[in-house]
**Q** 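After the structure tokens below, expect a handful of questions from me.
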Amino acid sequence: MILTAATWNVNSVRARLSHVTRWLSENPVDVLCLQETKVTDDLFPGDELAGLGYSATVHGQKSYNGVAVLSRVTLEDVFTGLPSGFLGDQARLLSFRCRGIRFLNAYVPNGGDVALPAFELKLRWLTELLAAADSTAEPVIVMGDFNVAPGPDDTHSPEEQEGSVCYHPHERERIQAFLHTGFVDMFRVFHPEGKAYTWWDYRAGAFRRNMGMRLDLVLASQTAAPLFRGVKIDPEPRGWDKPSDHVPVLCDVEVPE
DNA sequence: ATGGCCGGGAAGCCCGGA
């Protein structure tokens with residue numbers, strides 16, 4: 001059977017609730033990983049989503065960050081945060097097993113600016129994310145907002161952006177470290193050529209001018225990659241009224257009955 | 001050339017985002 005899974009940074013799940021419900025009714029995926037929910041667990045709008053047949057597994061905090069999984073299939077072995085506890089006061093990682101696959105739903109720190117200490121924390125967070133993803137024999141899928149464009153086709157102006165946050169060589173090296181470890185950037189397996197974006201700045205008419213970046217990634221371990229049947233970006237919600245600045249990335253994964 | 005927008009929470013601005 002095919003398991004359908006998606007990742008979407010919604011930039012506040014409460015502000016985007018109508019978009020999430022609309023999108024799920026049009027794209028009834030089995031698993032939807034959310035980032036930047038920006039809400040404590042007690043205020044997560046679970047009842048509205050239960051009406052669509054989805055249960056919510058949440059790891060939130062007030063105002064900032066927050067990850068959650070909406071699912072209509074059973075999740076097992078849920079845990080939150082990096083194993084070391086690094087940046088444990090920020091809700092950025094939610095891991096679970098589904099149909100024999102270990103998923104990591106990740107919201108990587110933005111880093112602010114390459115000159116700031118926050119940027120070094122981002123690099124270390126990425127290093128620890130890889131260690132966590134590489135620590136199990138299960139097939140692994142890491143999906144979420146990586147806040148890094150892996151290569152020149154993943155951003156609108158690579159020459160201008162070279163060395164700036166989300167396109168600094170040290171960040172791209174961290175993505176390369178995933179690939180060297182055997183992880184595969186699944187979107188590029190199915191769409192190897194051409195510019196492709198998942199995020200467009202709210203400012204400057206960036207979406208209208210298609211000045212975006214591909215920051216939302218699906219990385220699959222060596223044993224998970226052959227299970228993939230397709231990956232696509234859905235740019236549509238970026239054109240809806242009061243959108244998130246990110247759009248969903250969907251994938252089809254073949255799993256045993 | 002520059003900057004242009006959001007959300008949350010507090011407060012009538014500031015932080016953080018990317």
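Each chain gets a letter, A, B and so on, in the order its sequence line appears, and its residues count up from 1. On a predicted model such as this, the values are computed, not experimentally measured, just so you know.
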**Q** For nucleotides B:dG7 and B:dG3, find the distance between their P atoms and express it as a whole number of Å.
**A** 22 Å
**Q** To the nearest Å, give me how far apart NZ (A:Lys38) and C1' (B:dG9) are.
**A** 11 Å
**Q** Give one of base, sugar-phosphate or nothing for A:Asn65, where a contact means two heavy atoms less than 4.0 Å apart.
**A** nothing
**Q** Is A:Phe119 touching bases, backbone alone, or none of the nucleic acid, heavy atoms closer than 4.0 Å?
**A** nothing
**Q** Identify which nucleotide among B:dG17, B:dG4, B:dC15 has an atom closest to any side-chain atom of A:Tyr107, counting heavy atoms from C-beta outward.
**A** B:dG17
**Q** Contact class for A:Arg92 (heavy atom, under 4.0 Å): base, sugar-phosphate, or nothing?
**A** sugar-phosphate
**Q** Provide the distance between the two C1' atoms, one in B:dA10 and one in B:dC14, to the nearest whole Å.
**A** 9 Å
**Q** Taking the side chain of A:Lys62 as its heavy atoms from C-beta onward, which of B:dC5, B:dA18, B:dA10 lies nearest to it?
**A** B:dA10
**Q** Quickly work out the A:Gln90 CD to B:dC15 C1' distance and round it to whole Å.
**A** 13 Å
**Q** With sugar-phosphate meaning primed atoms plus P, OP1 and OP2, does A:His168 contact a base, only sugar-phosphate, or nothing at under 4.0 Å between heavy atoms?
**A** nothing
**Q** If we take the C1' atom in both B:dA1 and B:dG12, what is their distance in whole Å?
**A** 32 Å
**Q** Write down the distance between CG (A:Asp241) and P (B:dG7), rounded to a whole number of angstrom.
**A** 10 Å
**Q** Between the side chains of A:Glu26 and A:Arg22, is the shortest nitrogen-to-carboxylate-oxygen separation below 4.0 Å, so that they form an ion pair?
**A** yes
**Q** Atom CD of A:Gln61 to atom C1' of B:dG16: distance rounded to whole Å?
**A** 12 Å
**Q** Any base atoms under 4.0 Å from A:Asp145, or only sugar-phosphate, or nothing? Heavy atoms, all strands.
**A** sugar-phosphate
**Q** With a cut-off of less than 4.0 Å, is there a side-chain N or O of A:Tyr197 near OP1 or OP2 of B:dA18?
**A** no
**Q** OP1 or OP2 of B:dG4 less than 4.0 angstrom from a side-chain nitrogen or oxygen of A:Arg209, does that happen here?
**A** no
**Q** For A:Asn11 and B:dC5, is the shortest distance between a side-chain N/O and OP1 or OP2 below 4.0 Å?
**A** no
**Q** Please check the phosphate of B:dA18 (OP1 and OP2 only) for any side-chain N or O of A:His246 closer than 4.0 Å.
**A** yes
**Q** Which of these passes side-chain hydrogen bond (donor to acceptor under 3.5 Å, both in side chains) with A:Asp154: A:Lys195, A:Arg188, A:Arg172?
**A** A:Arg188
**Q** Hey, can you tell me if A:His246 and A:Trp199 have their rings parallel, tilted or perpendicular (30° and 60° cut-offs)?
**A** tilted
**Q** Any idea which of B:dC5, B:dG8, B:dA18 is nearest the A:Cys166 side chain?
**A** B:dA18
**Q** Round to the nearest Å and state the distance from A:Leu17 atom CG to B:dG7 atom P.
**A** 14 Å
**Q** Testing A:Asn9, A:Asp245, A:Asp216 one by one against A:Thr198 for a side-chain hydrogen bond (donor to acceptor under 3.5 Å, both in side chains), which residue passes?
**A** A:Asp216
**Q** Should A:Lys122 be listed as having a side-chain N or O under 4.0 Å from OP1 or OP2 of B:dA18?
**A** no
**Q** Examine A:Arg214 relative to A:Phe187 and say whether NZ or CZ is less than 6.0 Å from the centre of the six-membered ring and inside a 45° cone about the ring axis.
**A** no
**Q** Taking atom P in both B:dC13 and B:dT2, what distance in whole Å separates the two?
**A** 28 Å
**Q** Write down the distance between CE (A:Met211) and P (B:dT2), rounded to a whole number of angstrom.
**A** 13 Å
**Q** Ignoring backbone atoms, test whether A:Arg203 places a side-chain nitrogen or oxygen under 4.0 Å from the OP1 or OP2 oxygen of B:dT2.
**A** no
**Q** Under 4.0 Å between any heavy atoms, over every strand shown, what does A:Asn110 touch: base, sugar-phosphate, or nothing? Just pick one.
**A** base
**Q** Mind checking A:Ala15 for me? I need base, sugar-phosphate or nothing, with any heavy atom below 4.0 Å counting as a touch.
**A** sugar-phosphate
**Q** Please report the distance separating the P of B:dC15 from the corresponding atom of B:dG4, rounded so that it comes out in whole Å.
**A** 16 Å
**Q** Scan side-chain atoms only and decide if A:Asp30 and A:Tyr54 contain a donor-acceptor pair under the 3.5 Å cut-off.
**A** no
